[in-house]
Participant: 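Below you'll find the structure I mean.
Index from 1, following the sequence.
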Amino acid sequence: MGFWRETLVIACLIFGLLELSSALLEPAPFPDALRECYEFRSFNLTPSDQVASRIQTSCYRHYQYKQLAKGNIWSVPNITQEGVNYINGLFRQVFNEARHIANYNKKSKRHKRQAMFPGRYRQEVRSPGGAYQRYANCILRLQRESVEPPQAGRNTYQTLAVLHSGEVLAYAHGGPAFIPWHRIYLILLETACGSPIPYWDSTVDHDMMDPTMSILWSEQFFGNGDGDVMTGPYQSIRTILGEPLVRNIGTGQSPLFTKEGLQAVLSRRRYSEIVEPKQGAEYIFSLEGHHNGPHTWVGGHLALTNTAAYDPIFFNHHAFIDHVYELFRQQQIRFQINPEVDYPLQTPPGHAANDFIDFRPYTNPLRNIEGLSNLIAGMVMYEPLPNCMNRCNGSPFLFCDQRRFVCVSRPRMTAMAPGGAQGFGQSSQPGQAPASQNVPSVSRASAQARGPIQGGPSFRPAPLTDSRNRPDTIGSAPAAPQVLMAGMQARAGGQGRKRRAATDLPQNKTSVYQDGSAQQVSSLQRSLTNTFIIDGVADPKRWVYVSVRVFYNRSSIVDGKDPTIHANSPREISKESCHGPNSGASKVFISSNGLDYVGVYNEFAIVDERQPISITTTAIGVKNPDYGEAETLFTAYDSCGRPCRPLCLASSQGKQTYKPCSAVFKVSSALPKMFYLSYRDAIFGGVQADNLIESFGRDTTPPITFVCDNSKFWPWEY
């Protein structure tokens with residue numbers, strides 16, 4: 001009788017534990033492909049922090065690409081092989097063309113003549129020759145075609161547009177990858193079109209008394225800008241939600257691109273000086289910062305990061321931004337600076353020189369630094385910016401303002417072409433809101449009646465302001481699930497870290513420099529946001545949490561300001577990126593990266609740099625084994641980029657100890673319980689408040705510890 005009673009008690013205990021979704025975290029070796037990548041990329045190299053971080057990121061991305069290509073991990077059902085083949089075919093055309101042009105440039109000294117140049121020659125949208133009409137015709141053709149089956153619900157243009165949405169925005173914006181990512185994006189659309197993308201020089205519109213009266217906002221070019229787009233070539237375009245394009249020109253606080261902004265960018269010499277992240281006084285030199293202005297000035301879909309690319313003028317605007325960078329690049333060459341290697345060492349996640357440009361699941365990935373190569377740059381030539389010396393490129397839609405000696409756009413007619421949108425009325429005086437914006441219109445009323453656009457966050461305000469603008473009357477709402485899912489589907493669930501947007505700059509008078517504080521935003525003040533997406537499903541229940549311990553050893557070199565700088569050369573790590581908030585606190589960033597599932601979880605632990613040694617605990621999400629067994633890779637690095645070495649819990653002679661390991665774990669539903677259903681329980685579940693010496697019980701000791709110190713070893717060596 002006693003035997004059966006004990007058996008029943010044990011059975012109840014087991015079933016009780018199973019209800020808690022117990023799991024076993026079993027250390028495992030690196031997958032062969034990942035281990036071979038580490039060994040290959042680190043062969044014959046002296047271990048260093050920056051190189052180690054790049055190798056870890058590069059190898060994981062490369063491994064994920066391979067698993068996706070082999071069909072070993074989840075990919076979105078709506079992304080068919082036909083869709084993947086289409087984008088891959090565009091990439092093949094790009095690389096073949098790049099090699100052809102490179103050979104041409106080597107053999108011919110006459111390639112600077114546009115008539116001889118075999119690549120893409122981008123003109124201003126108003127220049128004669130029909131470049132803009134060919135571009136508009138291409139967009140309409142892509143809208144009629146589809147390379148994916150009907151169940152995908154996307155035409156070919158939308159297949160390309162959704163690449164600029166969701167998690168990829170963390171890799172495409174907010175750092176030095178901004179330029180190469182969009183440079184390749186432009187080339188992809190151009191390849192699909194078979195004709196160059198004309199650039200939109202919005203400085204010639206900004207210099208008008210009322211930029212909303214520009215000829216561009218007419219039937220002949222972009223169509224109306226006051227609400228639903230009802231005129232012009234794009235009146236039939238619909239977003240992924242089936243809604244018409246919306247604009248709200250002349251709103252927000254930012255101006256179009258300005259001559260002052262152009263001069264500020266071209267006054268710099270180094271690439272690191274014109275790329276994000278920038279704060280305070282340095283923001284005036286940010287090319288990405290000035291790029292934000294036209295996005296928010298146009299308003300509507302173009303003002304929101306997840307929906308901007310649905311409006312075809314997105315690509316005209318970015319062709320101009322690329323033109324400005326090319327002017328900067330040619331200027332570097334004149335100053336004997338090699339733009340192929342001039343890249344910041346300290347970058348946000350995903351923006352390092354050797355990080356891949358995120359166009360998953362498509363093959364032939366490029367690295368950020370390769371997007372700035374001579375090979376890619378040689379594919380494109382630009383018509384000079386319109387100026388009075390070149391007679392505004394001979395455009396009948398521009399004229400030279402002799403008083404200021406700048407080219408200015410001609411105004412459109414007050415009344416718009418038929419289509420429902422009313423005219424804007426007369427222009428205002430400088431310093432006043434344009435009278436054109438105060439005239440009711442059918443198109444604006446239609447957009448306002450539909451409510452805020454479900455496109456998520458807007459672009460950060462530009463470094464300058466324009467007091468002629470008026471408040472936005474349409475507004476934005478959180479991105480619709482279909483918008484985020486479409487972007488994720490088009491990339492097979494690419495994940496990335498998001499950074500909190502910087503505080504908006506205050507409005508000032510027209511084109512006045514924002515004299516903000518020069519204080520840097522430290523890593524401690526930046527946040528991480530997880531999407532809780534696993535294999536295409538956003539569901540917190542699919543995640544469970546593992547306790548992770550961090551052992552932080554302060555650098556041996558202390559200069560009184562930044563105790564974590566330990567580079568061999570002062571130039572290797574910049575003080576700005578390592579500088580804390582003067583509180584002594586710093587961060588160690590930890591990630592779990594799915595090896596046989598598509599999902600990434602990011603977290604950080606706070607450590608105390610005032611102490612020689614700091615020990616803390618955090619929790620990291622991994623795939624819940626109730627939804628299938630999983631294999632995950634943990635990685636960690638500190639605020640200055642030092643990779644941390646993993647130690648895994650092991651048993652030696654009946655005692656628990658930590659041993660060097662790969663930080664690869666197999667997560668299964670076997671006992672004993674080694675994870676928790678909530679973040680809080682993973683942190684506090686094993687802590688005994690009345691016994692701080694043995695605060696973790698035998699079964700609740702964190703299964704992995706990261707040691708962040710000054711060891712000169714590769715973090716994957718164990």
Participant: Give a yes or no answer on whether the side chain of D608 reaches the backbone of S614 with a donor-acceptor pair at less than 3.5 Å.
Facilitator: no
Participant: Set out, in order, the CA-CA distance, both residues' side-chain angles and the distance that settles side chain to side chain donor-acceptor pair (under 3.5 Å) for S711 and D709, then state yes or no.
Facilitator: CA-CA 6 Å; S711 300; D709 59 13; 3.0 Å; yes
Participant: Between the side chain of T347 and the main-chain N/O of A352, is any donor-acceptor distance below 3.5 Å?
Facilitator: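 Checking the backbone N and O of A352 against the side chain of T347, a donor-acceptor pair under 3.5 Å is found.
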Participant: Between S662 and A28, is there a donor-acceptor pair closer than 3.5 Å when you use the side chain of the first and the backbone of the second?
Facilitator: yes
Participant: When Y38 is tested against each of W716, Y60, W714 for ring-ring contact (aromatic ring centres under 6.0 Å, His included), which residue passes?
Facilitator: W716
Participant: Any side-chain donor paired with an acceptor under 3.5 Å for S668 and E629?
Facilitator: no
Participant: Where do K712 and T46 land on the side chain to side chain contact (heavy atoms under 4.5 Å, CB included) test, with the steps shown first?
Facilitator: CA-CA 8 Å; K712 293 302 180 183; T46 302; over 6 Å; no
Participant: When you look at Y601 and W543, which way does the ring pair (Phe, Tyr, Trp, His ring centres under 6.0 Å) test go after all the steps?
Facilitator: CA-CA 9 Å; Y601 191 95; W543 294 86; 5.6 Å; yes
Participant: Decide whether a cation-pi geometry holds between R460 and Y283; the criteria are a distance under 6.0 Å from NZ or CZ to the six-membered ring centre and an angle within 45° of the ring axis.
Facilitator: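 That pair qualifies as a cation-pi contact.
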Participant: Under the side-chain contact (heavy atoms from CB on, under 4.5 Å) test, which residues partner P27, sequence neighbours left out?
Facilitator: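 With sequence neighbours excluded, P27 shows a side-chain contact (heavy atoms from CB on, under 4.5 Å) to C648, F665, given in chain and number order.
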Participant: In the structure I gave you, are the side-chain heavy atoms of V544 and P625 within less than 4.5 Å of one another anywhere?
Facilitator: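 The answer is yes; the side chains approach within 4.5 Å.
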Participant: So do the side chains of I590 and V550 get within less than 4.5 Å of each other, counting heavy atoms only?
Facilitator: yes
Participant: Do you know the tightest heavy-atom contact between Y679 and Y545?
Facilitator: N-CD1, 3.5 Å
Participant: Which heavy atom in P180 sits nearest to a heavy atom in I357, and how many Å separate them?
Facilitator: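 Closest approach of P180 to I357, heavy atoms only: O-CD1, 3.9 Å.
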Participant: Is any side-chain heavy atom of N368 less than 4.5 Å from a side-chain heavy atom of W181?
Facilitator: no
Participant: Could you go through Y552 and I613, starting from their C-alpha distance and side-chain angles, then the distance that decides it, and tell me whether this counts as side chain to side chain contact (heavy atoms under 4.5 Å, CB included)?
Facilitator: CA-CA 6 Å; Y552 181 83; I613 293 175; over 6 Å; no
Participant: To the nearest 0.5 Å, tell me how far K587 NZ sits from D638 CG.
Facilitator: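 If I round to the nearest 0.5 Å, the distance is 13.0 Å.
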Participant: Is there a donor-acceptor contact under 3.5 Å from the side chain of T305 to the main chain of F459?
Facilitator: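 Checking the backbone N and O of F459 against the side chain of T305, no donor-acceptor pair under 3.5 Å is found.
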Participant: Mind checking what makes salt bridge (charged side-chain N to carboxylate O under 4.0 Å, His left out) contact with R35, not counting sequence neighbours?
Facilitator: D32, E39
Participant: Side-chain contact, heavy-atom cut-off 4.5 Å: N306 with P457?
Facilitator: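 SC-SC contact between N306 and P457 confirmed.
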Participant: Let's go through I620 and F634 carefully: what are the C-alpha distance in whole Å and the side-chain angles of both, what is the deciding distance for side chain to side chain contact (heavy atoms under 4.5 Å, CB included) to 0.1 Å, and is it a yes or a no?
Facilitator: CA-CA 9 Å; I620 304 298; F634 292 91; 3.9 Å; yes
Participant: Quick one: salt bridge (charged side-chain N to carboxylate O under 4.0 Å, His left out) partners of E273, sequence neighbours excluded?
Facilitator: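 If we apply the salt bridge (charged side-chain N to carboxylate O under 4.0 Å, His left out) test to E273, skipping adjacent residues, the hits are R268.
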Participant: Output, in order, the C-alpha distance, side-chain angles, deciding distance and verdict of side chain to side chain contact (heavy atoms under 4.5 Å, CB included) for I376 and I184.
Facilitator: CA-CA 8 Å; I376 299 300; I184 299 302; 4.1 Å; yes
Participant: When you check the gap from the basic side-chain N to the acidic O, do D539 and K541 get nearer than 4.0 Å?
Facilitator: no
Participant: Output the distance between atom CD1 (I179) and atom CD (E288), rounded to the nearest 0.5 Å.
Facilitator: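 Rounded to the nearest 0.5 Å, the CD1-CD separation comes out at 8.0 Å.
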Participant: Go through the structure and list residues passing side chain to side chain donor-acceptor pair (under 3.5 Å) with Y271, not counting sequence neighbours.
Facilitator: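 Applying side chain to side chain donor-acceptor pair (under 3.5 Å) to Y271 gives none.
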Participant: Please list, chain by chain and in numerical order, all residues satisfying ring pair (Phe, Tyr, Trp, His ring centres under 6.0 Å) with H182, sequence neighbours excluded.
Facilitator: H164, H173, F178, H318
Participant: State, with a plain yes or no, whether a side-chain heavy atom of D355 is found less than 4.5 Å away from one of Y171.
Facilitator: no
Participant: Apply ring pair (Phe, Tyr, Trp, His ring centres under 6.0 Å) to F551 and list each qualifying residue two or more places apart in sequence or on a separate chain.
Facilitator: none
